[in-house]
Amino acid sequence: MKYYKNLSIDESNCTVKKEGQPIHLTAMEYQLLVTLLDHSGRVCSRNLLLSSAWHITTPIQTRTVDVHIAKLRKKLDLGQNDLKTVTRQGYALSG
């Protein structure tokens, strides 16, 4: 079990709860969240996120990560201070 603020992430059954209430995340959103939690406080590049969630190992230019991060912010009610965009580098979940 992992925790971030009022979120609990159960990796044994891939579920996320906010204040005890289940939050439906797609498989990609869930994997992005877990990757960001594993690297909490550090910048995760788009390539790292593409590799972890989509298993894409060749660097490509895509807005897919940005779109999924926006959806994740909305579903989890994470603000810009919690899930930061680091210009030209990637994203960071505050520690």
Side-chain angles (χ1 to χ4, degrees):
M1 187 78 79
K2 292 183 180 190
Y3 299 94
Y4 179 76
K5 297 196 175 192
N6 58 354
L7 299 175
S8 57
I9 297 88
D10 185 347
E11 291 182 287
S12 64
N13 61 13
C14 300
T15 58
V16 177
K17 291 183 180 181
K18 181 175 183 174
E19 297 175 354
Q21 297 299 314
I23 303 290
H24 174 72
L25 298 180
T26 66
M28 298 300 172
E29 292 163 346
Y30 175 81
Q31 190 57 49
L32 285 173
L33 177 60
V34 169
T35 301
L36 289 162
L37 280 170
D38 288 345
H39 296 85
S40 186
R42 295 179 283 168
V43 176
C44 293
S45 69
R46 283 179 179 80
N47 287 338
L48 171 68
L49 296 171
L50 282 167
S51 174
S52 70
W54 288 270
H55 307 291
I56 296 172
T57 57
T58 305
I60 61 172
Q61 294 294 323
T62 180
R63 301 288 295 169
T64 299
V65 173
D66 305 329
V67 170
H68 281 79
I69 291 288
K71 290 179 182 180
L72 194 59
R73 277 186 180 130
K74 186 174 181 175
K75 286 183 178 183
L76 300 177
D77 195 26
L78 295 176
Q80 295 287 342
N81 292 329
D82 293 316
L83 182 48
K84 297 179 183 183
T85 301
V86 182
T87 305
R88 299 178 201 239
Q89 293 183 39
Y91 297 93
L93 193 63
S94 63

- OG (S8) and CD (E19) are apart, to the nearest 0.5 Å, by 10.5 Å

- Message: Working to the nearest 0.5 angstrom, can you tell me the gap between L49 CG and T64 OG1?
- Response: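 Here the interatomic distance stands at 12.0 Å.
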
- Just wondering, do N47 and L50 contact through their side chains at under 4.5 Å, heavy atoms? yes

- Task: Verify, without hydrogens or angle tests, whether K17 (side chain) and I23 (backbone) share a donor-acceptor contact under 3.5 angstrom.
- Result: no

If you compare all heavy atoms of [X] against all heavy atoms of [Y], which two are closest, and at what distance to 0.1 Å?
{"X": "V43", "Y": "A92", "value": "CA-CB, 4.1 Å"}
{"X": "C44", "Y": "L36", "value": "SG-CD2, 3.9 Å"}
{"X": "S52", "Y": "Q31", "value": "O-CG, 3.2 Å"}
{"X": "L7", "Y": "K18", "value": "CD2-CB, 3.6 Å"}

- Query: Using a distance-only test with no angle check, is there a side-chain donor-acceptor pair under 3.5 angstrom linking N13 and T15?
  - Reply: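 Judged by distance alone, the side chains do pair up.
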
- Item | Polar contact flag, side-chain donor to acceptor under 3.5 angstrom, Y4-S94 | yes

Check for me, please, whether [X] and [Y] land in the same ILVMFWY cluster - side-chain distances under 4.5 Å, paths through other members count.
{"X": "L37", "Y": "L78", "result": "yes"}
{"X": "I9", "Y": "Y91", "result": "yes"}
{"X": "M28", "Y": "I69", "result": "yes"}

- Presence of salt bridge, K75 and E29, under 4.0 angstrom: yes

- Task: Using a strict cut-off of less than 4.0 Å between a Lys/Arg side-chain nitrogen and an Asp/Glu carboxylate oxygen, indicate whether D82 and R73 qualify as a salt bridge.
- Result: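 Looking at D82 and R73, the cut-off is not met.
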
- Task: Using the side chain to side chain contact (heavy atoms under 4.5 Å, CB included) rule, take K2 and V34 through it: C-alpha gap first, then chi angles, then the decisive distance, then the call.
- Result: CA-CA 9 Å; K2 292 183 180 190; V34 169; 4.2 Å; yes

- Query: Under the side chain to side chain contact (heavy atoms under 4.5 Å, CB included) criterion, do H39 and L48 qualify, and how do the steps go?
  - Reply: CA-CA 11 Å; H39 296 85; L48 171 68; 4.0 Å; yes

- R46/D66 under side chain to side chain contact (heavy atoms under 4.5 Å, CB included): CA gap, chis, key distance, verdict: CA-CA 8 Å; R46 283 179 179 80; D66 305 329; 2.9 Å; yes

